[in-house]
Structures are given as C-alpha cells and as structure tokens.
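When a residue number appears, it is its place in the shown sequence, counting from 1.
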Amino acid sequence: MIAAAMAIGCNSAEAQNQTNFIGKNNITLKSDLMTPEALWAMGRIGGYQASPDGKKIVYQVSYYSVKENKSRTVIYVMDADGKNNKMLTTSSKSESDAVWTAGGQKIAYLCDGQIWEMNSDGSSRRQLTNDKTGIDGFLLSPDEKKVILIKQIPYHETIKENPSDLPKATGRLITDMNYRHWDEYVESIPHPFLAEVTTDGISEGFDIMKGEPYESPVKPFGGIEQFAWSPNSKTIAYTSRKKTGINYSISTDTDIYLYDTSTQKTVNICKPEGYKEPEIDPTKSMKHQAVNSPENLKNNPGYDTNPQYSPDGQYIAWLSMPRNGYESDRNRLCIYNVKTGEKTYATETLDTNVDAFCWGANSEDLYFISVWHGCENVYQTNLAGEVKQLTDGWHDYGSVQLLNDGKKLLAERHSMSQASELYVINPSKKEKESKAEQITFENKHLYDQMTFGKIQQRWVKTTDGKDMLYWIVLPSHFDETKKYPTLLFCEGGPQSPVSQFWSYRWNMQIMAANGYVVIAPNRRGLPGFGSEWNEEISGDWTGQCMKDYLTAIDDACENLPFVDKDRLGAVGASFGGFSVYYLAGHHDKRFKCFIAHDGAFNLESMYTDTEEAWFSNWEYEDAFWNKDQSENARRTYANSPHKFVDKWDTPILCIHGEKDYRINANQGMGAFNAARMRGIPAELLLFPDENHWVLKPQNGILWQRTFFNWLDRWLK
C-alpha cells in the first residue's frame, strides 16, 4: 500500500491541477523594483545533463511557494539550442537528479527517495526501486547494468544508541567529537551501495563500505559528484575521509579510493599501502606539523575530492588541496595515471583555485572553472599542464560539462544581475575569445519587469601599497546628482571570493532596489588574486583585511560623489559577521549602523564551539589555553570582537540560526546582549529552525524585511 501511494504521488497526471502544486511563478510585479517576494518567485536552475548525442538537454528547476513555505523541484527537457523547452514533471512531489539512459531514449530520476524512469518525452513512467531506506543519489554505470545508490546508515560511533526500553528518551550520550555537523546531530552517515539493474527494476544492493564507520560522500555538502565509474563499468572511484571522532574534527584529509566490483577489494590511490599518518597535536595549527612536511605532502594529506575518469579510462582526475587542516588551500587539478600510479598536477601555472572540471573527449584536455580578479571563467588545460583561458567577462560560471563530442561545452552561468542560466560555449583556439550562447531564460519574465542597478569596478591602493579590486553596485534608478546611503559588504569564508555571485539572500540587486550603493571589496584573504593574497588572512583576522575594508569605504567616500559619507552601514555574514562585530569597536564613527549575520563574536568560545576543529586550529593557530601560543594566536584572541564592546557606540542588528553548528547561536545572542547592556540600540533576529543559511521561504522574506527596515531606520 505504501508503494502504491508513492507511485500515485510521483506519477499523477492530475497533480498539476492540485492546489498544492508548486510551479513557475508567472507573477506581475507592482513596481519595477525587486522585492523579497519577487526574489523568491524566481526559478532556480540546478543539475543538468546533455543527451549522449548532444541534441537534447535535461535539467531541473526548483520553485518556491511562500504560502506553502516549501519548494518543489521539476524536470525540463529541451533541444541543445534551447528550443522546444518542455516541463516533464507531472507530480506534486519533487523530481530531480535526472540523467539520460538507454542511449538517450529514457530519463532516470529521483522522486520521494526512489529512482524512477520515463521516456524522453515524459511518458511511460515506472518506479525502478522500492528501497525501504530511501535513496539520496544515484550513479549508473556506463553499461547501465549496475548503479551506485547513496543511502543513510545508522551511526553510533560518537552518539550512543539509547536503551531499547527507553524509546521516548531524548537525551544523547556523547563520547567523542564530531557528534554534530553543520545542522544535525550525527546519528546516520551516507554510504554507497552497489545494486544490479534488471528489466524488473533495481535491487537494494549491498554496502561497498560495510563495517566502515566512515561517510561517503563527505558531509555536509558532498553528493554524487564524489563518485565515478570507470568506462568499462568495473571500478568505482569514491571520496571518503576515513576518520572518526576527534581525528575527523581536526582533519581535512579526504582521499580517493578505488573499489573493484569483481574482487570487492578497495585501494587508496592517494597514499601508499601501509601509510601511517604522522602524529598530530589537536590543539595547534597543522601549518608546521609533520603531516604537512614537504616529504608528507606527496601523500595528499589535504582535501581530495570529486574523481572523474578520462573517457579512455587511462587517467583519473580530481580536485586536490595539498595541506591537511586547511579547508581553503589552493584547489589543484590532480591527474592520476591508472597504470603507473603516477600523480601530476595540470593547473600549476595558475595561482588560484580549480572549482569544477570535466574531461575533454580526447582524454588529453580538461575544462575547468576558476576565479581571477572577481570573476569565474572557463579555462582549458592538458596533461602537460598548459593552461588557457577560454571565456572572459563580468560573470561567474558555476559548472561545465561536454555537450557532445567535445566541440562544445554546456555550462551554468550567473552574475550579480542574473540568476543561474544554461549556456553553450564554443571553445576558441584564441585566448579569452570563446563565445557563449544563453539557452535558458528561466526568469526573463521577471527581469523584464525590473530595473536593476549597474555594476562598476574600481581598483584602489591598500595601506601596504598593493592593488585591491572592489565592486560598486549602483541603486536601481541611479541619479548621479544625488547622494545615496552606502553599504560596506563584508564577505564571509573568510576565503571565498567576492566575485559576480548571485544570492537569494545577500543579493546585490535587492540592495540596489532599496536605494543603496554597495561597496564590495575583494579584501585580503580572497582567492583570485594569487596565493599570497589569499593566505594572508589566516592567523591575522583583524590586521590587513580590516584595513582593506576601511580603505575601500574611505576611497568610495572620497572619490565617488554619489556616496553619502554621513549615511554608511556595514553588513556581512559568517566571517563577514565577525568583521562587522570587530568594526563596531574600531570604525572611528564612520558607520551609522551594522548588521551581522551568523558571525563569530567571542573567538575563545568559537574555538571550542565549532564542530570543524580544523578551521579554528588553522585560522587561530593555537587553542586559547596553550601557554606557548604563537604570536598570531595571541594577537587573534587579544583582538576578539567581544573584548572591544566598551567601544561600541552604533546601532546593531544581530541575526543567527539556532541550528548553525558552524558558528553557534550563542555568538549572536552574546553580541546582542552585550549591545543592550551597553545601552546601544540593537535587535536580534533568531531562527530556531535555520542553520548557517536561511532556507525557508517565509524566513527568507522575514530576513529581507528585517534587514531593510533596520537599514532604513538608521540610514534614511
């Protein structure tokens, strides 16, 4: 009966007539200015894949209902030039993760935790699995005879299972670290299961990591991209961090493993057989520990993720960070020779990150995404490491894949003025001259009703004589004769780029629509300006990066006549929230108000509160109780924002999610309480059900309204 009910839910042609069907929002706006409601009305393009012959593309879009306070993901198919676009989804439930099967004749997809299949026109739907656990993701083998299923298994390594005779007990007995991660208590972990595909459907399969208390894919964000099939369908490459408890919490050492489907044997291709990790002091940065010695770096002690086989099966490429404990190390493209075991790196001439990649059809070229000077563009390299930039412009590419036989690429692209859309790129032999053609126009009906602010770019000299880029976002109806309230945007990370990103919360165009100029600096500590610039922030959170913020806003006040220096605000999330808390005690009355979202306020508390201990170790360099602290550690703790509350004199809004286990909610509550005890106007927007982000539609709109009400109160 349960299976039958599920089948009705995921296969009902009448679903689109149901009142709870969440689909495209064809709304008419009341004005040409973006509102929170208009932002949440936008469709959000997600996964996509070209058919084997390159003639069609299947992709997914998520739609949100503010009234229902939830979302739904649907599946579309279209020709490779964007024509004949058709929504295939008929269910009131989300349908996602669509991939081509049967040579492009059919499409497999996920619905309600099960795998389904339909013809390429959406007809003849049938359920392929009836898995009692439920499936989080899947990857078919090239011969389509096997499939990897990602499923959750019980995990009680760090949180003990309660006695069976106490079924209503809510307590948790915790025995080690890593008992919660991102926004959940860790009582289950994902494992890959290998299942057979038959004419009758797909079996439940068996756990290829059975008995191993390790996760694969790696939480909290890993998915099916952390797995790959060999072209002959005999070997599975997968990503895992095979550590538990405190060892997991202090390490970023994930590796690539190969599983032989015939022998059921597994080998680690990042480290030699019998490898023994050097001893690690869990209270100190790994910067100078033996695990990151030049000799040990050849054993890939850092993040190694997202393997992909070359089409001929001779190589495996993956994303590789060199050092353990450093989550923002330079991401390189590692190439592994399957026959010899030799590892080389194909992007060493580019002093910035590889963010996503795919193989070329010839098994010699690779295409990848990388940020440079505030923009994410598409690059090409080869086995010899000869790098060439293909695209250029003020935009961010988010992912890339082959469209057909390698003559064209299919990519997702966005900017500060456009949400994600799909593009076809025709690679050029000339540097930066590859042309991109937009083939989806998911939100054109909304853009056509809105007036967006223009984006400008400006370079300025920092206090130590270096060149810094900052973006300028102008109000929607900009009048150069007027002066406008202006916001300093403080980026999080602390090492994520201020590129041409599109956000459904920290959205530059909704700030422009509300009449604000935005100054967004690529301050010290951001990728895209070389490793030295990127790494200068670690161990120095309150040094040059803070001077860079003030340099940008001071330059704007002095040289941009439309910036009103008497109506300045500073806003930011995560490290940006920390920045706001620090600037609140060091701004010399520049700003009239502050907004800090999920920011660190007390670094001593933050050191032991956060679930990913490697982050605190690398960034602060020492536990606060160590007597032999490094100079950087002493400076870090001495300059924690909570120690300068006596200098706070400016209204502040604190926002925090109570399910944020990265930066715990006590940080936001502590900052708010301190401000009120000092007699400073302050508000606290607390979300009991949100994590480091705000994901629910009604919470998102409450966030935006609170954000702009606070700014308008003090800057208008």
Side-chain angles (χ1 to χ4, degrees), residues 45 48 80-82 319 330-333 346-360 365-382 384-403 406-441 447 452-460 466-474 491 496-503 508-509 520-522 526-531 533-534:
I45 291 179
Y48 59 93
D81 60 3
L319 299 178
R330 185 166 67 90
N331 231 349
R332 307 161 300 165
L333 197 52
T347 54
E348 291 303 89
T349 60
L350 195 65
D351 192 17
T352 188
N353 292 325
V354 176
D355 294 324
F357 73 97
C358 70
W359 279 97
D365 293 322
L366 299 102
Y367 302 95
F368 65 95
I369 309 297
S370 189
V371 64
W372 190 251
H373 288 180
C375 299
E376 293 259 7
N377 276 292
V378 181
Y379 293 74
Q380 179 180 344
T381 189
N382 55 25
E386 298 169 331
V387 176
K388 177 176 70 175
Q389 184 175 341
L390 296 181
T391 66
D392 194 25
W394 289 6
H395 47 239
D396 280 5
Y397 283 93
S399 58
V400 63
Q401 60 181 247
L402 291 183
L403 177 60
K407 294 180 180 178
K408 292 183 179 180
L409 302 172
L410 179 61
E412 175 271 316
R413 195 176 97 182
H414 53 273
S415 71
M416 288 183 179
S417 301
Q418 179 181 275
S420 296
E421 298 285 358
L422 297 182
Y423 286 75
V424 171
I425 301 171
N426 192 2
S428 171
K429 294 182 179 180
K430 295 183 179 179
E431 187 92 2
K432 301 182 182 181
E433 292 192 8
S434 298
K435 303 300 181 184
E437 178 184 359
Q438 185 175 344
I439 58 171
T440 61
F441 299 86
Y447 299 143
F452 278 0
K454 292 183 179 180
I455 311 296
Q456 296 180 348
Q457 190 184 77
R458 182 174 171 85
W459 290 82
V460 63
K466 297 181 180 179
D467 295 319
M468 178 176 65
L469 162 71
Y470 68 84
W471 297 105
I472 306 164
V473 185
L474 300 177
E491 175 66 353
S496 54
V498 180
S499 57
Q500 280 289 311
F501 67 91
W502 174 274
S503 170
M508 297 299 178
Q509 290 300 342
N522 273 275
L526 300 188
F529 300 87
S531 294
W533 182 277
N534 184 56

Test side-chain contact (heavy atoms from CB on, under 4.5 Å) applied to Trp372 and Asn377, step by step:
CA-CA 8 Å; Trp372 190 251; Asn377 276 292; over 6 Å; no
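- Residues passing the ring pair (Phe, Tyr, Trp, His ring centres under 6.0 Å) test with Tyr447, sequence neighbours excluded: Phe452.
- Remark: Tyr470 engages no residue in a ring pair (Phe, Tyr, Trp, His ring centres under 6.0 Å) (not counting sequence neighbours).
- Using a distance-only test at 3.5 Å, with no hydrogens or angles considered, no donor-acceptor pair links the side chain of Asn426 to the main chain of Lys435.
- Remark: the backbone N or O of Ser428 is paired with a side-chain donor or acceptor of Ser434 at under 3.5 angstrom.
- Taking each heavy atom of Ala356 and Ser399 in turn, the nearest pair found is CB-CA, 4.3 Å.
- When side chains are defined from C-beta on, Lys408 does not count as touching Glu437, because their heavy atoms never get closer than 4.5 Å.
- In this view, Glu348 and Arg330 satisfy the salt bridge (charged side-chain N to carboxylate O under 4.0 Å, His left out) rule, not counting sequence neighbours.
- Under the side-chain hydrogen bond (donor to acceptor under 3.5 Å, both in side chains) criterion, Glu376 pairs with no residue, sequence neighbours left out.
- Partners of Glu431 according to the side chain to side chain contact (heavy atoms under 4.5 Å, CB included) rule, which considers only residues two or more places apart in sequence or in another chain, are Lys388, Gln389.
- With sequence neighbours left out, Asn522 forms a side chain to side chain contact (heavy atoms under 4.5 Å, CB included) with Leu469, Trp471, Val498, Leu526, Phe529.
- Under the 3.5 Å distance criterion, the side-chain polar atoms of Glu412 are left unmatched by any main-chain donor or acceptor of Tyr48.
- Every residue meeting the ring pair (Phe, Tyr, Trp, His ring centres under 6.0 Å) condition with Phe368, not counting sequence neighbours, appears here in chain and number order: Tyr379.
- In this structure the side chain of Ser417 never reaches within 4.5 angstrom of the side chain of Trp394, judged on heavy atoms.
- Annotation for Val371 and Ser499: closest pair CG2-CB, 4.3 Å, computed over non-hydrogen atoms.
- Applying the side chain to side chain contact (heavy atoms under 4.5 Å, CB included) criterion to Ala436, with sequence neighbours excluded, gives Tyr397, Arg413, Tyr423, Ile425.
- In this structure, the side-chain hydrogen bond (donor to acceptor under 3.5 Å, both in side chains) partners of Asn382, at least two apart in sequence or on a different chain, are Glu386.
- Although no hydrogens or angles enter the test, the distance criterion places a donor-acceptor pair under 3.5 Å between the side chain of Asn353 and the main chain of Asn331.
- Glu491 places no side-chain N or O within donor-acceptor distance of the main-chain N or O of Pro521, the cut-off being under 3.5 Å.
- The shortest distance between side-chain heavy atoms of Trp359 and Leu402 does not fall below 4.5 Å.
- Gly385 approaches Thr349 most closely through the heavy-atom pair O-OG1, 3.9 Å.
- Looking only at side-chain heavy atoms (C-beta outward), Leu409 and Leu403 stay at 4.5 Å or farther from each other.
- The backbone N or O of Gln418 lies less than 3.5 Å from a partner atom in the side chain of Ser415, making a donor-acceptor pair.
- Looking at every heavy atom in both residues, Asp355 comes nearest to Ser370 through OD2-CA, 4.3 Å.
- Of the possible donor and acceptor atoms, none in the side chain of Thr381 sits under 3.5 Å from a partner among the backbone N and O of Thr347.
- Atom CD of Glu421 sits about 9.5 Å away from atom CD1 of Ile439, to the nearest 0.5 Å.
- Interatomic distance, CZ of Phe501 versus CE of Met508, reported as 3.5 Å (0.5 Å rounding).
- In this structure, the side chain to side chain contact (heavy atoms under 4.5 Å, CB included) partners of Lys466, at least two apart in sequence or on a different chain, are Thr462, Asp464, Arg524, Glu532, Trp533, Glu536.
- Within the 3.5 Å criterion, the main-chain N or O of Ile45 finds no donor-acceptor partner in the side chain of Ser420.
- In this structure Thr352 satisfies the side-chain hydrogen bond (donor to acceptor under 3.5 Å, both in side chains) test with no other residue, sequence neighbours excluded.
- Not counting sequence neighbours, Gln500 has no partner by the side-chain hydrogen bond (donor to acceptor under 3.5 Å, both in side chains) test.
- Contact detail for Ser496 and Pro527: the closest heavy-atom pair is C-CD, 3.9 Å.
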